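Predicted model only: the values in this text are computed from it and were never measured. Counting starts at 1 for both ligands and their atoms, in listed order. Note that the numbering runs from 1 along the sequence shown for the chain.
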Amino acid sequence: MVFGVVACRARTPLPGYGCSVLGLSLAAVICFNAACKVMPQNEDTGHFEQAKQKLIEELESEGITNPRVIGALRAVPREEFVRPLDRDAAYDNRALPIGKGQTISQPLIVGMMTQLLNLTGEERVLEVGTGSGYQAAVLSLLCKEVYSIEIDPELAEQARERLRRLGYTNVHVKAGDGFFGWREAAPFDAILVTAVAPRVPEPLLEQVKVGGVIVLPLEEGWKETLVRVRKLADGGTAMERFGAVAFVPMRGAVRKKETAH
Ligand code: SAH
């Protein structure tokens with residue numbers, strides 16, 4: 001195991017355009033680990049190879065250095081998760097619209113959030129905010145099972161069908177409010193929230209294992225900060241901050257002051 005501090009900064013923030021990094025300093029634990037699992041293939045990968053290689057080099061220079069994470073980002077065909085008219089922009093390092101006012105996250109953000117989970121291959125991971133299913137596909141190559149919740153039923157159905165078609169058999173998608181987590185599938189080793197919330201949803205803290213982490217963007221005043229919250233054995237939590245980000249808002253129960261769960 002090698003521990004290192006990596007500085008990363010994004011260059012093209014897209015205000016109001018979800019899921020991009022604004023400027024960020026990332027302390028990452030770099031873990032050289034077993035190679036990735038067998039990846040699903042698609043027919044026209046060759047067409048995108050050059051753009052993908054350029055993107056991967058950019059991500060590495062921005063601090064995505066965990067070889068397993070890089071392997072997964074290389075393996076998942078992002079062009080399959082964007083609208084047909086955006087396919088040629090699939091390997092630009094930016095968020096893209098996926099319909100219903102939502103976005104597929106910027107690749108740098110996907111890489112950073114995934115890297116912060118330090119997955120070894122054995123974990124059960126919950127994602128809140130399936131969107132296109134891209135982040136779930138990346139996770140699926142790095143852990144045992146992915147459970148992903150999407151509040152928009154149409155997006156959930158599209159992502160489920162896309163992931164099935166591409167062969168990501170260890171991803172389970174359900175439509176619902178991710179604030180409440182996925183009780184029947186809990187506990188989770190790690191939880192990733194890909195929409196910005198005013199606080200850590202209490203049910204998610206209950207459903208993560210002791211020692212496990214929740215990575216999410218949090219609203220802090222006017223800013224949004226990427227944080228990693230670890231659940232401690234004494235019932236408390238420890239929070240680390242990783243800089244400013246811009247995400248689409250988490251909707252539903254998290255916006256209500258008191259939510260029974
Ligand atoms: N991870 C996605 C991008 C996420 S965009 C990808 O890889 O494509 C954020 C998503 O979170 C949107 O699709 C939005 O509909 C969803 N979302 C917002 N609030 C939610 C909630 N309470 N529960 C589940 N999903 C939510």
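Residue-ligand proximity, P249 to ligand 1, at heavy-atom distances under 4.0 Å covers atoms 18 (C). Taking a cut-off of under 4.0 Å to the non-hydrogen atoms of L155, the atoms of ligand 1 that pass are 13 (O). Residue T103 approaches ligand 1 through these ligand atoms, each under 4.0 Å from one of its heavy atoms: 3 (C), 4 (C), 5 (S). Listed by number with element, the atoms of ligand 1 under 4.0 Å from a non-hydrogen atom of G178 are 21 (C), 22 (N), 23 (N), 24 (C). Remark: ligand 1 atoms within the under-4.0 Å shell around heavy atoms of D177 are 21 (C), 22 (N), 23 (N).
Using a non-hydrogen distance threshold of 4.0 Å, V110 does not register as a contact of ligand 1. Ligand 1 lies out of reach of G252, whose nearest heavy atom is not under 4.0 Å from it. At least one heavy atom of G176 sits less than 4.0 Å from an atom of ligand 1.
Both the backbone and the side chain of Q135 come within contact range of ligand 1, each with a heavy atom under 4.0 Å. Counting heavy atoms closer than 4.0 Å to ligand 1, residue A136 contributes nothing at all. At a heavy-atom distance under 4.0 Å, no atom of V254 approaches ligand 1. Only the side chain of E127 comes within 4.0 Å of ligand 1, judged by heavy-atom distances. Both the backbone and the side chain of I104 come within 4.0 Å of ligand 1, judged by heavy-atom distances.
Residue L117 holds its CG atom at 6.5 Å from CG of L139, rounded to the nearest 0.5 Å. Between atom CD1 of residue I64 and atom CD of residue Q115 there is a gap of 4.5 Å, rounded to the nearest 0.5 Å. Separating the CD atom in E161 from the CZ atom in R164 is a distance of 4.0 Å, to the nearest 0.5 Å. One distance of note links OG1 of T114 with CG of L192; it measures 6.5 Å at 0.5 Å rounding.
Here the options are V146, V173, L155, the test is side-chain contact (heavy atoms from CB on, under 4.5 Å), and the partner is T130; only V173 passes. A side-chain contact (heavy atoms from CB on, under 4.5 Å) with V125 holds for exactly one of V171, D189, L119; it is L119.
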After noting the C-alpha distance and the side-chain angles of R87 and E79, does the key distance pass the salt bridge (charged side-chain N to carboxylate O under 4.0 Å, His left out) rule?
CA-CA 5 Å; R87 278 171 76 88; E79 68 275 16; 5.1 Å; no

Show your reasoning for whether salt bridge (charged side-chain N to carboxylate O under 4.0 Å, His left out) applies to E220 and K223.
CA-CA 5 Å; E220 295 186 321; K223 285 190 318 185; 5.1 Å; no

Show your reasoning for whether salt bridge (charged side-chain N to carboxylate O under 4.0 Å, His left out) applies to R199 and E219.
CA-CA 7 Å; R199 66 179 196 274; E219 289 162 11; over 6 Å; no

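Between F81 and Y134, the ring planes are perpendicular. Angles over 60° get that label, and only those under 30° would be called parallel.
Between G129 and ligand 1, at least one N/O pair is under 3.5 Å apart. Geometrically, ligand 1 and S105 share no nitrogen or oxygen pair separated by less than 3.5 Å.
Ion pairing of K144 with E123 is absent here, as no side-chain N (NZ or NE/NH1/NH2) approaches a carboxylate O to less than 4.0 Å.
Of the listed residues (D152, I151, V248), the one carrying the non-hydrogen atom nearest atom 21 (C) of ligand 1 is I151. Nearest-residue assignment for atom 8 (O) of ligand 1 (options S132, A175, G181, P153; heavy-atom criterion): S132.
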